[in-house]
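Note that the numbering runs from 1 along the sequence shown for the chain. Computed from heavy atoms alone, side chains included, the values below leave out hydrogens, waters and symmetry copies.
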Amino acid sequence: MIESTSKYMHQGDFLGSDGENFLVALSEQEIYSLDAATYYVWSLCDGENSVEDIINNISVNFNLDKKEIEEPIKNIIKALLDAKLLKEL
């Protein structure tokens with residue numbers, strides 16, 4: 001379960017974008033194509049921001065209700081963890 005106080009560190013290297021998606025490599029063989037929302041969450045996972053900080057950041061910057069975005073953001077974090085693009089601290 002993703003806790004609001006949990007902090008994560010993104011893994012991999014940002015390679016660039018292909019126009020619509022953002023490319024992140026864990027290795028030469030493992031390259032992931034992330035949509036804009038997923039990439040934004042990945043980039044905010046810097047080891048300093050908690051999940052709550054990320055939700056607040058997105059809520060303020062995109063004028064979205066925190067309650068409406070909390071579950072989708074936690075789902076993105078879970079998917080990034082499953083892909084090993086995040087590491088829990």
Side-chain angles (χ1 to χ4, degrees):
M1 183 166 170
I2 308 295
E3 299 292 331
S4 295
T5 56
S6 297
K7 293 183 179 182
Y8 300 92
M9 183 67 188
H10 57 259
Q11 304 296 293
D13 298 309
F14 174 62
L15 300 178
S17 70
D18 64 4
E20 294 181 17
N21 293 307
F22 298 84
L23 304 175
V24 176
L26 283 177
S27 69
E28 288 184 21
Q29 293 78 28
E30 285 184 280
I31 298 174
Y32 292 87
S33 179
L34 308 179
D35 64 29
T38 303
Y39 174 74
Y40 192 69
V41 171
W42 177 84
S43 69
L44 291 174
C45 292
D46 60 1
E48 297 294 322
N49 290 313
S50 67
V51 173
E52 185 175 0
D53 294 335
I54 293 168
I55 291 167
N56 288 335
N57 177 303
I58 293 171
S59 174
V60 168
N61 287 321
F62 296 97
N63 197 29
L64 298 168
D65 184 85
K66 286 185 207 179
K67 290 180 182 175
E68 289 181 19
I69 63 172
E70 180 177 2
E71 197 61 34
I73 290 172
K74 287 183 176 182
N75 289 338
I76 288 171
I77 290 171
K78 181 172 181 344
L80 289 167
L81 283 166
D82 290 346
K84 298 186 177 24
L85 288 170
L86 290 182
K87 177 177 75 172
E88 187 170 7
L89 301 178

In the structure I gave you, are the side-chain heavy atoms of [X] and [Y] within less than 4.5 Å of one another anywhere?
X     : Y     : result
Phe14 : Leu34 : no
Trp42 : Tyr32 : no
Cys45 : Leu80 : no
Phe22 : Thr38 : no

Listed once per pair and sorted, the ring pair (Phe, Tyr, Trp, His ring centres under 6.0 Å) pairs that draw on residues 65-89, sequence neighbours left out: none
Taking all non-hydrogen atoms of both residues, which atom of [X] and which atom of [Y] are closest, and how far apart?
X     : Y     : result
Leu26 : Ala83 : CD1-O, 3.5 Å
Lys84 : Gln11 : O-CB, 3.6 Å
Tyr40 : Ser43 : O-OG, 2.8 Å
Ile55 : Ile69 : O-CD1, 3.6 Å
Met9  : Gly47 : SD-N, 3.7 Å
Ser4  : Lys74 : OG-NZ, 3.8 Å

Transitively linked via ILVMFWY side-chain contacts under 4.5 Å: Val51 with Val60? no
Hey, quick one: are Val41 and Leu81 part of the same hydrophobic cluster, counting side-chain heavy atoms closer than 4.5 Å, chains of contacts allowed? yes
Ion pair check, Lys66 and Glu70, cut-off under 4.0 Å: no
Spatial distance of atom [atom1] ([X]) from atom [atom2] ([Y]) [nearest 0.5 Å]:
X     : Y     : atom1 : atom2 : value
Lys7  : Leu89 : NZ    : CG    : 8.5 Å
Ile2  : Ile54 : CD1   : CD1   : 10.0 Å
Ile31 : Leu15 : CD1   : CG    : 5.5 Å
Asp46 : His10 : CG    : NE2   : 7.5 Å
Ser6  : Leu86 : OG    : CG    : 11.5 Å

Is it true that atom CG of Asn63 has more than 12 heavy atoms of other residues, nucleotides or ligands lying nearer than 6.0 Å? no
Just checking, any donor-acceptor pair under 3.5 angstrom between side chains of Asp53 and Ser50? yes
Can any side-chain N or O of Asn49 pair as donor or acceptor with the backbone N or O of Leu44 at less than 3.5 Å? yes
